[in-house]
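Structure, as C-alpha cells:
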Amino acid sequence: MIARSLVLLASTALLSTPLLAAPAPQAAAAPQARDAVALATKLAQWQLAHMTDTGHVSRITTETRNPRAWEQAVFWVGMTALADAGAPPEIAQAVVATGRANDWTPAKRPYHADDLVITQSYLWAAKHGAGAAAIAPTRARFDYIVANPPRVGLAFYQPPSGYDGTECLTRYCWCDALFMAPPAMIELSRQTGDRRYRDYALREFWATTDFLFDPAAHLFYRDSRFFERRDEAQRKQFWSRGNGWVFAAMARIIPLLPKGDPDRVRMEKLFVEMAGTLKGLQKPDGYWAPSLLAPEESPPESSGTGFYTYGMAWGVRAGLLDRAAYTPVVRKGWDALVRSLQPDGRLGWVQQVSDRPERVAADDTQFYGVGAFLLAATAVAELDRAPSKR
C-alpha cells in the first residue's frame, strides 16, 4: 500500500497535496551549477518513476523494496539536498509524501543504523512544512537508544544463525553506519535542543573511528573481518563505497557542529587527512576503484565516486580543502559521474549491495547510487555558485 501510494504521488507530482513553500530566490547560478542541478533533477525523476519497479536493480535483497530501509532511504537523503539546491517543487513534495506514506517511522530494527537513515529525510521534512509530527517517531526511537545503550564490542562476528544475529550491529561496527545514523541524531539535537542524541552519536562515531581507521593508510576498514585481509599483491583491502560512506558522513555532520567545538575540530582534521589520501587514489578517468588500492583494470564505479565527489566539493566550498588543488579532483569526479548516466536515463556502474569490492557493469544501478549522485550534483552546483567560505 505504501509503495503504490508513493508511485502515484510521485508520478503526478503530488498535485493533490498542498505545495511546500518555494525555495527562496537565489542569485543567477553559473552555467555549470544549473547543468548539475538539471541533470540531478532528470535522474531523480527517472528514479521516482521506478521506485516500485525493482527490475532495474541487478541484485535484489530483502530490503530493496522496503521504503524505510537503507537502499531507498539514501536516495531520499539525496533528494533533500536536491530540493535545497533549487530543484522543482515536485522534488520536495516527493520527500514529504514518502515520509507521510511511511507514517514517519524508521525501519524495524531498533538499533541497526541502516534502519535509521530514513529519519534524515523526516527531519528535513519537519523543517520544510511537515511539522512536529514528522519527527515524533524518530525521537521516540532515539530516546530508546540513548536510554538503553548496547553493551557490546565492535568486533564483527556473524554467527551461524545469520547476519541479523551479529551482535555488534547494535552499534556502529561497520563503517557504513557512520553515514546512516549519526547525522540524524545530531540534527535531532539541533531541532530539539536535547544534547543526548548528539553526545551519543559522536561518542559512537569516535569509537568506530578508533577501531576501524587505519592510521597508516588513512582509510577505514569496512569492519574488523577485513583487518588481516590482503589481495593477491598483498595490499590491504579498503572498499571504495565503504570509505565513501564515511567521507560523505563527515561532510554532513561537520556543518551541524558549532565552529570551534572540539568534536568539529577533530572531525575536520580527519576529513582533511582522508581527502589527501583519496585525492591521490583517484584514477585518471575520474573514478575511484572499487578496491581503492587496486586501480589496475578496475571498472568504473559510481557510488563511491559520487560520495567522494560530494565530499571534495563540499570541502572546497567549506574552506577545508585548497581550491586550486582539489577543484580538478571534483571536476574529474563529476565528469565521471555524468558519463555513468545511461541512455535509458538510469545511473549506471553502481556496485550492488555488498560489503567489499565486487564486479560492476554499465547497467548496474541502485537507489543509494542515485542518492550519492544527487549529493554530488548539489555540492558541485554550490561550488560553482560561490567562493569558499574561508
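Every value quoted in this text rests on a predicted model; they were computed, and no experiment measured them.
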> ring-ring contact (aromatic ring centres under 6.0 Å, His included) with Y200: which residues, sequence neighbours excluded?
Replying inline: none

>> Between the side chains of R203 and D263, is the shortest nitrogen-to-carboxylate-oxygen separation below 4.0 Å, so that they form an ion pair?
In response: no

>> Exactly one of K108, R68, R109 should register a salt bridge (charged side-chain N to carboxylate O under 4.0 Å, His left out) with E63. Which one does?
In response: R109

>> Taking the side chain as everything from C-beta on, heavy atoms only, tell me whether H128 gets closer than 4.5 Å to V96.
In response: no

>> Salt bridge or not between D210 and R266? Use side-chain N to carboxylate O under 4.0 Å.
In response: yes

> Step by step, would you call M51 with Q72 a side-chain contact (heavy atoms from CB on, under 4.5 Å)?
Replying inline: CA-CA 8 Å; M51 293 305 293; Q72 292 192 31; 3.4 Å; yes

>> Enumerate the ring pair (Phe, Tyr, Trp, His ring centres under 6.0 Å) contacts for residues 80-110, please, sequence neighbours excluded, ordered by first and then second residue.
In response: W104-Y122

Tell me which donor-acceptor pairs under 3.5 Å the side chains of residues 294-305 have, and how far apart each pair is, sequence neighbours excluded?
residue: E296; atom: OE1; partner: R235; partner atom: NH1; Å: 3.2
residue: E296; atom: OE2; partner: R235; partner atom: NH1; Å: 3.2
residue: E296; atom: OE2; partner: R235; partner atom: NH2; Å: 2.6
residue: S298; atom: OG; partner: K283; partner atom: NZ; Å: 2.8
residue: S298; atom: OG; partner: P295; partner atom: O; Å: 2.8
residue: E301; atom: OE1; partner: S303; partner atom: N; Å: 3.3
residue: E301; atom: OE1; partner: S303; partner atom: OG; Å: 3.2
residue: E301; atom: OE1; partner: G304; partner atom: N; Å: 2.8
residue: E301; atom: OE2; partner: S303; partner atom: N; Å: 3.0
residue: E301; atom: OE2; partner: S303; partner atom: OG; Å: 2.7
residue: E301; atom: OE2; partner: Q351; partner atom: N; Å: 2.9
residue: S302; atom: OG; partner: G348; partner atom: O; Å: 2.8
residue: S302; atom: OG; partner: W349; partner atom: O; Å: 3.1
residue: S303; atom: OG; partner: R241; partner atom: NH1; Å: 3.1
residue: T305; atom: OG1; partner: W288; partner atom: N; Å: 3.1
residue: T305; atom: OG1; partner: E301; partner atom: O; Å: 2.7

>> Can you tell me how the ring of F367 sits relative to the ring of H56, calling it parallel under 30°, perpendicular over 60° and tilted otherwise?
In response: perpendicular

> To the nearest 0.5 Å, how far apart are CG in D335 and CZ in R339?
Replying inline: 6.5 Å

> With the threshold set at 4.0 Å, does a side-chain nitrogen-carboxylate oxygen contact exist between D115 and R141?
Replying inline: no

> Should M267 and L212 be counted in the same cluster of Ile, Leu, Val, Met, Phe, Trp and Tyr side chains packed under 4.5 Å apart?
Replying inline: yes

>> Using the side chain to side chain contact (heavy atoms under 4.5 Å, CB included) criterion, which residues pair with P343? Sequence neighbours excluded.
In response: none

> Residues in side chain to side chain contact (heavy atoms under 4.5 Å, CB included) with D363, at least two apart?
Replying inline: R346, A361

>> On a heavy-atom basis, which atom in Y310 and which in A251 lie closest, and how many Å separate them?
In response: CE2-CB, 3.8 Å

> Considering all heavy atoms of both residues, which atom of L383 and which atom of R317 are nearest to each other, and what is their separation?
Replying inline: CD1-N, 3.9 Å

>> Run the ring-ring contact (aromatic ring centres under 6.0 Å, His included) test against F238 and tell me which residues pass, sequence neighbours left out.
In response: Y221

>> Tell me every residue that passes ring-ring contact (aromatic ring centres under 6.0 Å, His included) with F271, counting only those two or more places apart in sequence or in another chain.
In response: F247, W314

>> Would you call the rings of W334 and F373 parallel, tilted or perpendicular, taking 30° and 60° as the class edges?
In response: tilted

> Between D231 and L293, is a side-chain contact (heavy atoms from CB on, under 4.5 Å) present by the stated rule, with each step listed?
Replying inline: CA-CA 10 Å; D231 65 14; L293 303 187; 5.9 Å; no

> At what distance, to the nearest 0.5 angstrom, does CG of D223 lie from OG1 of T166?
Replying inline: 9.0 Å

> How many angstroms lie between atom CG of D364 and atom CD of Q342, to the nearest 0.5 angstrom?
Replying inline: 9.5 Å

>> Before you tell me yes or no, could you show the steps for Y287 and Y308 under ring-ring contact (aromatic ring centres under 6.0 Å, His included), namely the whole-Å CA-CA distance, both residues' side-chain angles and the distance that decides it to 0.1 Å?
In response: CA-CA 9 Å; Y287 294 98; Y308 296 137; over 10 Å; no

> How about F226 and F220: are their ring centres within less than 6.0 Å of each other?
Replying inline: no

> Quick check: does any side chain N or O of R323 sit under 3.5 Å from a backbone N or O of V316, one acting as donor and the other as acceptor?
Replying inline: no

> E204 versus P182: any side-chain heavy-atom pair under 4.5 Å?
Replying inline: no

>> Filter on ring pair (Phe, Tyr, Trp, His ring centres under 6.0 Å), then keep only pairs touching residues 158-195, sequence neighbours left out; what's left?
In response: H112-W174, F179-W245, F179-F307

>> What I want to check is whether the side chains of Q237 and S291 have a donor and an acceptor closer together than 3.5 Å.
In response: no

>> List the residues meeting side chain to side chain contact (heavy atoms under 4.5 Å, CB included) with R195, not counting sequence neighbours, and say none if there are none.
In response: R198, D199

>> Nearest 0.5 angstrom please: L375 CG to R252 CZ, how far?
In response: 6.0 Å

>> Could you work out, with side chain to side chain contact (heavy atoms under 4.5 Å, CB included) as the rule, every residue matching S121, not counting sequence neighbours?
In response: W76, T80, V95, I118

> Given side chains that start at C-beta, do those of R196 and D143 come closer than 4.5 Å, heavy atoms only?
Replying inline: yes

> Which residues satisfy the ring-ring contact (aromatic ring centres under 6.0 Å, His included) test with Y326, sequence neighbours excluded?
Replying inline: none

> Any side-chain donor paired with an acceptor under 3.5 Å for E358 and Q352?
Replying inline: no

>> Under the disulfide bond (SG atoms under 2.5 Å apart) definition, can you give me all pairs with a residue in residues 76-127, not counting sequence neighbours?
In response: none

> L48 and A94: which non-hydrogen atoms are nearest, and at how many Å?
Replying inline: CD2-CB, 4.0 Å

